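Note that ligands are numbered from 1 as they come in the structure, with each ligand's atoms numbered from 1 the same way. Computed from a predicted model, the values in this text were never measured in an experiment.
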Amino acid sequence: MSFYISSGFKVKCNKCSSQAIVRVPYAKLNLCREHYLKYIESRVYKFIEKRGLLKGVNSLLVALSGGKDSLSLLYILNELKDALGLKAVYGVHLDLGIGLYSEMSRKAVELACENVNAKCFTVALSELVGHTLPELVKLVKRPACSLCGMIKRYFINLFAVELGVDAVSLGHHMDDILVFILKDFMLQDLVDMSKMVPAIPGIPGIATSKLKLLYETYENDLLMYASLRNIKYVETDCPFKYRDPFKASIRKMLDELEEVMPGFKLSLARRIFKNLSKYVSANIEKKVVPCKYCGMPSSTGTCAFCRLTERATGAPLGPVTRERIKNIVKLARGY
Ligand code: SF4
Ligand code: ZN
Ligand code: ZN
């Protein structure tokens with residue numbers, strides 16, 4: 001894991017004659033601020049190019065939570081967009097209505113988009129379905145995070161489809177991805193595990209391709225990148241955040257292995273990617289049918305969002321949500 005070099009040590013940057021401020025153990029590099037920022041951006045660039053993740057992608061929607069990961073990704077893409085041949089990078093944020101936490105998240109997203117000159121869409125959940133996340137949690141009596149995850153997945157996909165972008169980029173980093181994969185493996189939840197690949201292909205008209213462009217980026221590097229780029233992200237945790245002891249133990253084990261073998265996580269992520277890709281191409285083509293209410297992907301004919309909103313309010317709110325998003329997009333385009 002990268003760390004700051006104490007100012008008491010006179011260490012030169014490996015790329016120029018300036019004083020190094022960051023040590024990158026997995027690459028055996030000492031870097032100054034400028035070269036560290038460039039190094040992180042070039043690692044993301046190389047990963048994208050090597051896997052051909054943005055082949056044929058002209059417009060990209062970045063899902064923004066307001067945290068360090070997604071906002072750093074937005075800044076990295078802003079630096080790389082010409083080299084990657086991207087014509088448009090948009091940001092999208094769903095305001096969940098979780099009090100002060102949501103207010104701070106929204107402000108952080110808007111400021112970041114303004115700083116990188118990206119068109120930003122922020123939409124409140126309460127404007128779409130008439131309820132905030134805490135209200136929905138009470139109405140349907142489901143754990144907040146599973147509800148929130150489902151709603152965000154639905155919203156981001158729907159927004160991408162209506163905006164007509166070529167792909168969506170999510171802010172998941174390597175540390176989180178490895179924890180998810182190892183947990184799924186231990187529980188033998190191979191279908192869930194198979195979703196942890198860098199690219200999930202889209203389905204014309206109903207699902208936009210999802211990309212994990214930070215698949216080989218350490219969380220610790222995003223923290224340092226955000227700090228050195230002076231990105232104002234939300235540092236406080238969501239009040240619903242639940243510390244899963246299973247995941248925390250896996251994370252601790254991975255951190256310990258990385259400590260004694262710098263680069264361990266990276267090589268594990270690369271090996272897993274190779275094997276998962278084979279599994280995915282053989283198994284991911286499961287049947288997806290459009291929801292009979294809103295037309296979004298479902299496995300049973302009614303999508304999870306329409307099922308949930310029907311339970312909470314008595315009517316499936318997919319169609320009205322879709323109409324509202326259509327109007328937001330139309331308004332932004334000026335017609
Ligand atoms: Fe949503 Fe849970 Fe994250 Fe809060 S902690 S934003 S409820 S997923
Ligand atoms: Zn330097
Ligand atoms: Zn639906």
**Study point:** For atom 2 (Fe) of ligand 1, every protein N/O/S atom that sits closer than 2.8 Å, waters excluded
**Key:** C145 SG
**Study point:** Within-2.8 Å protein N/O/S contacts of the Zn ion (ligand 3)
**Key:**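 Per the 2.8 Å query on the Zn ion (ligand 3), atoms found are C291 SG, C294 SG, C303 SG, C306 SG.
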Would [X] and [Y] count as having a side-chain donor-acceptor pair, cut-off 3.5 Å?
| X | Y | value |
| --- | --- | --- |
| R271 | S267 | yes |
| Y26 | D221 | yes |
| E41 | Y225 | yes |
| N14 | K28 | no |

Practice item. Give a yes or no on whether the backbone of D166 and the side-chain of S59 come within a donor-acceptor separation of less than 3.5 Å. Key: yes
Check your understanding: Within the side chain of K287, is there an N or O that forms a donor-acceptor pair under 3.5 Å with the backbone of S299?
Key ->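 No; zero donor-acceptor contacts below 3.5 Å.
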Exercise for review: Output yes when E219 and K68 qualify as a salt bridge under the 4.0 Å nitrogen-oxygen rule, no when they do not.
Suggested key: yes
Review point. Out of L60, V89, V116, L54, which one pairs with K81 under the side-chain contact (heavy atoms from CB on, under 4.5 Å) rule?
Key: V89
Review point. Should the pair Y154 and F305 be assigned to parallel (<30°), tilted (30 to 60°) or perpendicular (>60°) ring geometry?
Key: parallel
Check your understanding: Can you tell me the protein heavy atom closest to atom 3 (Fe) of ligand 1 and the distance?
Key -> K152 NZ, 4.2 Å
Review point. Would a 4.5 Å heavy-atom cut-off, applied to side chains only, mark D192 and F180 as touching?
Key: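 A side-chain contact is absent here, since even the closest heavy-atom pair is not under 4.5 Å.
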